[in-house]
Amino acid sequence: MVVDRSRRLIVAIPFLAGISSVSACLPEKGEPKQTVVPDNIKITAIEKRIGGRVGVALMDSKGEIRAAHRGQERFAMCSTFKAPLAAAMLAAHDKGKLDQYAPVTITKDDLVPYAPFAERMLREKRPTSLYELAEKTVDYSDNAAANIILRALGGPEALTAFFAEHGGAQTRLDRIEPEMNENAVGDPRDTTTPISMAGLMRNILIKASAGQKNADILSEWMVKSATGKERIEAGIPASWKMGDKTGTAPSSAPAYNDVAIIWPHQQEAIKAQAEPYILAIYTDRPHAPAQQVDKAIAEISNILVPIMAVQG
């Protein structure tokens, strides 16, 4: 079967029996202490092919883990942290801790590698706002924008506290961009587990633990994000709605990640939208080139399509 998503073609992988699945509901503000999920044979084969480690967690709207592979192992977050970062900024505004619409002037001192939006604001000498910076952090993955938001929130420690408050106790940010992408062997800094990130994003986007309006805003930003078209999105049916936030570490210690909210659709005749899923896919030090790893991530999301598909 070939899936046409208008921008590219991929060959869909037939679903094989043996997808790992388990029911393990997340507590209101915690995570499962023990989740035993057998390795999925097809994901294991993909991991072996690209090298390094692959971590996967698929969670439904109720907080049940439907599939996992190395779900409780730590992986460098890279820019996937920017989605919950945006949620934290929106929530801080609601609590009166900051004004997301106040003018923010970008300076040369704010610039770090990969800051397309911040560089444009500096070049045009135009003020922006935390709200606009949060949007561009999700959409473009602008590193300078992320750092400015972090500073307004109180730094990595404050964001880590937000993670824990919203069900991501195993997710931590310790540094700013770009140092947080170091991905040193055995270093727990700036890491998450697939299950932790899936639970955190489920609470924010589906359960709306940081507010329904904020969940809707962040979902919209993730849907229109310009990054990651060849990762999770490339593996799901073209008729499904999805939004994601990618993360990538440098070639010295490569990581290619993607976290998505996915809304499967029922049969076309019904035209109904099912409850969404959260899918987190992380890689660590794959040996394969970046393009091949992107395709592997798409393959994994395609393998999980039958679990998410709604029977009409």
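Computed from a prediction, not measured in an experiment: that's the story for all the values here.
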Does a salt bridge link [X] with [Y], judged by any charged N lying under 4.0 Å from a carboxylate O?
X	Y	answer
Glu132	Arg126	yes
Arg151	Asp110	yes
Lys224	Glu135	yes

If you take all heavy atoms of [X] and [Y], which pair is closest and at what distance?
X	Y	result
Ser79	Asn181	N-OD1, 4.3 Å
Pro194	Ala280	O-CB, 3.7 Å
Ala68	Gly71	CB-CA, 4.4 Å
Val138	Ala86	CG2-CB, 3.8 Å
Pro286	Pro254	CD-O, 3.6 Å
Pro306	Ile303	CD-O, 3.2 Å

Does Ile148 form a side-chain contact (heavy atoms from CB on, under 4.5 Å) with Ile106? I'd like the steps, not just the answer. CA-CA 9 Å; Ile148 293 169; Ile106 304 295; 3.4 Å; yes
Check whether any side-chain heavy atom of [X] lies under 4.5 Å from a side-chain heavy atom of [Y], and answer yes or no.
X	Y	answer
Leu150	Phe81	yes
Arg172	Arg74	yes
Pro237	Val305	yes
Pro127	Val104	no

Treating [X] as the side-chain partner and [Y] as the backbone partner, does any N or O pair qualify as donor plus acceptor under 3.5 Å?
X	Y	result
Asn147	Ile176	no
Ser129	Pro103	no
Glu47	Val54	yes
Thr160	Leu173	yes
Asn183	Ala249	no
Asp60	Glu64	yes

Using the test side chain to side chain donor-acceptor pair (under 3.5 Å), find all partners of [X] that sit at least two apart in sequence or belong to another chain.
X	value
Thr192	Thr171
Asp244	none
Arg175	Glu182, Asp190
Thr246	Thr227

With clusters defined by side-chain heavy atoms of hydrophobic residues (ILVMFWY) lying less than 4.5 Å apart, directly or transitively, does Leu133 cluster with Tyr114?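 Unlinked, Tyr114 and Leu133 end up in two clusters.
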Same cluster for Met121 and Val112 if Ile/Leu/Val/Met/Phe/Trp/Tyr side chains link at under 4.5 Å? no
Considering residues at least two apart in sequence or located in another chain, which fulfil the salt bridge (Lys or Arg N to Asp or Glu O under 4.0 Å) criterion with [X]?
X	value
Lys82	Glu177
Asp142	none
Arg285	none

Any side chain to side chain donor-acceptor pair (under 3.5 Å) pairs touching [range], not counting sequence neighbours?
range	result
residues 48-58	Arg49-Glu299, Arg53-Glu73, Arg53-Asp284
residues 248-260	Arg231-Thr248
residues 88-101	Asp94-Asn214

When rounded to the nearest 0.5 angstrom, what is the spacing between [atom1] in [X] and [atom2] in [Y]?
X	Y	atom1	atom2	answer
Ile278	Leu205	CD1	CG	5.0 Å
Gln292	His287	CD	NE2	12.5 Å
Met59	Ile261	CE	CD1	12.5 Å
Phe75	Arg70	CZ	CZ	6.5 Å

Report the C-alpha separation of Glu230 and Lys295 in whole Å, then their side-chain angles, then the decisive distance to 0.1 Å, and conclude whether the side-chain contact (heavy atoms from CB on, under 4.5 Å) test is met. CA-CA 7 Å; Glu230 303 305 322; Lys295 289 181 179 179; over 6 Å; no
Check step by step if side-chain contact (heavy atoms from CB on, under 4.5 Å) holds for Leu304 and Tyr277. CA-CA 11 Å; Leu304 300 176; Tyr277 287 78; over 6 Å; no
Please evaluate residues Met180 and Arg189 with respect to the criterion side-chain contact (heavy atoms from CB on, under 4.5 Å), reporting the C-alpha separation (whole Å), side-chain torsions for both, the decisive distance (0.1 Å), and the verdict. CA-CA 8 Å; Met180 53 87 59; Arg189 292 180 298 172; over 6 Å; no
Side-chain atoms of residues 215-223: list all donor-acceptor pairs with protein atoms under 3.5 Å, sequence neighbours left out, distances to 0.1 Å.
residue: Asp216; atom: OD1; partner: Gln212; partner atom: NE2; Å: 2.9
residue: Ser219; atom: OG; partner: Ala215; partner atom: O; Å: 2.9

Glu124 atom CD, over 12 foreign heavy atoms within 6.0 Å: yes
Decide if atom CD of Glu179 counts as having more than 12 heavy atoms of other residues, nucleotides or ligands within a radius under 6.0 Å.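 Atom CD in Glu179 is crowded, with more than 12 foreign heavy atoms closer than 6.0 Å.
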Pairs in or reaching into residues 145-164: which pass ring pair (Phe, Tyr, Trp, His ring centres under 6.0 Å), with residues at least two apart or in two chains?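 Sorted pair list: Phe162-His166.
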With a 3.5 Å cut-off and no angle check, do the side chains of Ser141 and Lys245 form a donor-acceptor pair?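 A pair is found: one side chain offers a donor N or O, the other an acceptor, under 3.5 Å apart.
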Can you confirm whether the side chains of Thr80 and Tyr282 place a donor and an acceptor under 3.5 Å from each other? yes
With respect to Ile300, which candidate in Ile232, Ile281, Leu58, Leu279 satisfies the side-chain contact (heavy atoms from CB on, under 4.5 Å) definition? Ile281
